[in-house]
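First the structure, in the form of structure tokens, and then the observations on it.
We count ligands from 1, going down the list as the structure has it; atoms in each ligand are counted the same way.
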Amino acid sequence: MLKLYPPIEARRSGFLRVSDLHEIYWEESGNPNGLPVIGIHGGPGGGSSPEMRRFFDPTVYRIILIDQRGCGKSTPHSELEENTTWTLVSDMEAVREHLGIEKWVLFGGSWGSTLALSYAVTHTERVFGLILRGIFLLTEAEIRWFYQEGASRLFPDAYDRYVAPIPESERGALLQAFHKRLTGDDRDARRKAAKAWACWEGETITIQGPTSRPKRFEEDDFADAFARIECHFFVNKGFFEKDGWLLEQATTKLKDVPGKIVHGRYDVVTPLSSAWALNKAWPLAELEIVTNAGHSSLEPGIVDKLIRATREFGRRFR
Ligand code: STX
């Protein structure tokens with residue numbers, strides 16, 4: 001099994017003003033003359049992490065990471081104004097132009113796969129290909145599965161902690177109940193809701209389950225941006241024209257675009273059915289189902305398949 005490449009530092013980084021309100025953090029590592037790739041983080045609102053650099057051979061790739069609006073080092077922190085799928089797509093274009101890149105590989109998991117697909121179907125000519133993990137098409141069925149009922153059956157212990165800040169009378173519509181608290185004036189209610197929301201995802205992300213929850217999900221600043229931005233995007237149904245829009249677009253727009261899809265069999269956050277549907281709709285994509293993995297990009301079987309994919313794309317497009 002292939003492991004992550006050794007840790008590397010960013011060679012350069014900066015902030016790009018993308019509107020009167022927002023500035024976004026970007027960074028570059030690896031080979032300045034290499035094959036450009038953009039790592040697209042999850043959430044939305046999760047921020048990039050140094051581990052994302054380690055999926056790429058730094059002698060082959062020019063690795064670009066950004067923190068999407070309102071999260072990571074981008075400012076203002078946790079801001080929801082002017083924060084939609086389409087402003088994030090236009091920020092990717094702003095960074096691409098700022099760095100003088102003509103075409104790049106897209107690499108993203110979970111919400112990162114949603115945003116990569118949204119970019120690819122609208123800027124197809126800028127994309128060599130996509131490497132995606134934990135496919136999330138942001139449909140009403142997927143949101144209902146994870147935030148209302150479905151995942152609750154597999155993780156009843158974590159689910160009890162998730163719904164704890166919401167009174168019984170409001171539990172029939174959890175997304176709305178969380179949205180009210182995450183965007184309300186009561187600081188304490190907002191903090192409790194953010195932590196419960198973020199920990200639910202943190203506890204269900206690997207097949208190890210609740211005990212292996214990554215540390216950052218309980219940090220106040222991380223949880224606030226993660227929960228607020230996710231909930232804002234989901235209440236707004238991803239800012240897509242209609243339910244199922246992304247899959248429909250992929251079917252027509254990605255006909256000639258190569259793709260790799262890596263998905264854990266036991267992914268409870270974003271069940272395999274979306275990857276399966278995407279794979280059927282997109283002939284040039286290849287799906288690898290990882291037998292003993294959940295959602296996290298750091299599950300050993302997922303790391304192995306993702307690195308095989310970046311190696312192959314490196315040979316193909318360099
Ligand atoms: N959200 C799934 C997602 O994009 C529904 C996601 N889950 N965890 C993450 O992203 C991070 C590990 C990036 C925080």
Set of ring-ring contact (aromatic ring centres under 6.0 Å, His included) partners for Phe233, sequence neighbours left out
Trp111, Phe239
Donor-acceptor pair, Ser296 side chain versus Thr206 backbone, under 3.5 Å?
no
Ligand-protein N/O pairs under 3.5 Å (ligand 1):
{"unit_1": "ligand 1", "atom_1": "1 (N)", "unit_2": "Gly43", "atom_2": "O", "d": "3.0"}
{"unit_1": "ligand 1", "atom_1": "1 (N)", "unit_2": "Glu201", "atom_2": "OE2", "d": "2.9"}
{"unit_1": "ligand 1", "atom_1": "1 (N)", "unit_2": "Glu230", "atom_2": "OE2", "d": "3.0"}
{"unit_1": "ligand 1", "atom_1": "4 (O)", "unit_2": "Gly43", "atom_2": "N", "d": "2.7"}
{"unit_1": "ligand 1", "atom_1": "4 (O)", "unit_2": "Gly43", "atom_2": "O", "d": "3.2"}
{"unit_1": "ligand 1", "atom_1": "4 (O)", "unit_2": "Ser110", "atom_2": "OG", "d": "2.6"}
{"unit_1": "ligand 1", "atom_1": "4 (O)", "unit_2": "Trp111", "atom_2": "N", "d": "2.8"}
{"unit_1": "ligand 1", "atom_1": "7 (N)", "unit_2": "Glu201", "atom_2": "OE2", "d": "2.5"}
{"unit_1": "ligand 1", "atom_1": "8 (N)", "unit_2": "Glu201", "atom_2": "OE2", "d": "3.3"}
{"unit_1": "ligand 1", "atom_1": "10 (O)", "unit_2": "Gly43", "atom_2": "N", "d": "3.1"}

Members sharing Ile207's hydrophobic cluster, built from side-chain contacts under 4.5 Å between Ile, Leu, Val, Met, Phe, Trp and Tyr, are Tyr266
So, for Tyr162 and Phe155, is the gap between ring centers shorter than 6.0 Å?
no
Tell me if the aromatic rings of His263 and Trp276 count as close, with their centers under 6.0 Å from one another.
no
In the hydrophobic cluster built from side-chain contacts under 4.5 Å, what are the other members alongside Phe15?
Tyr25
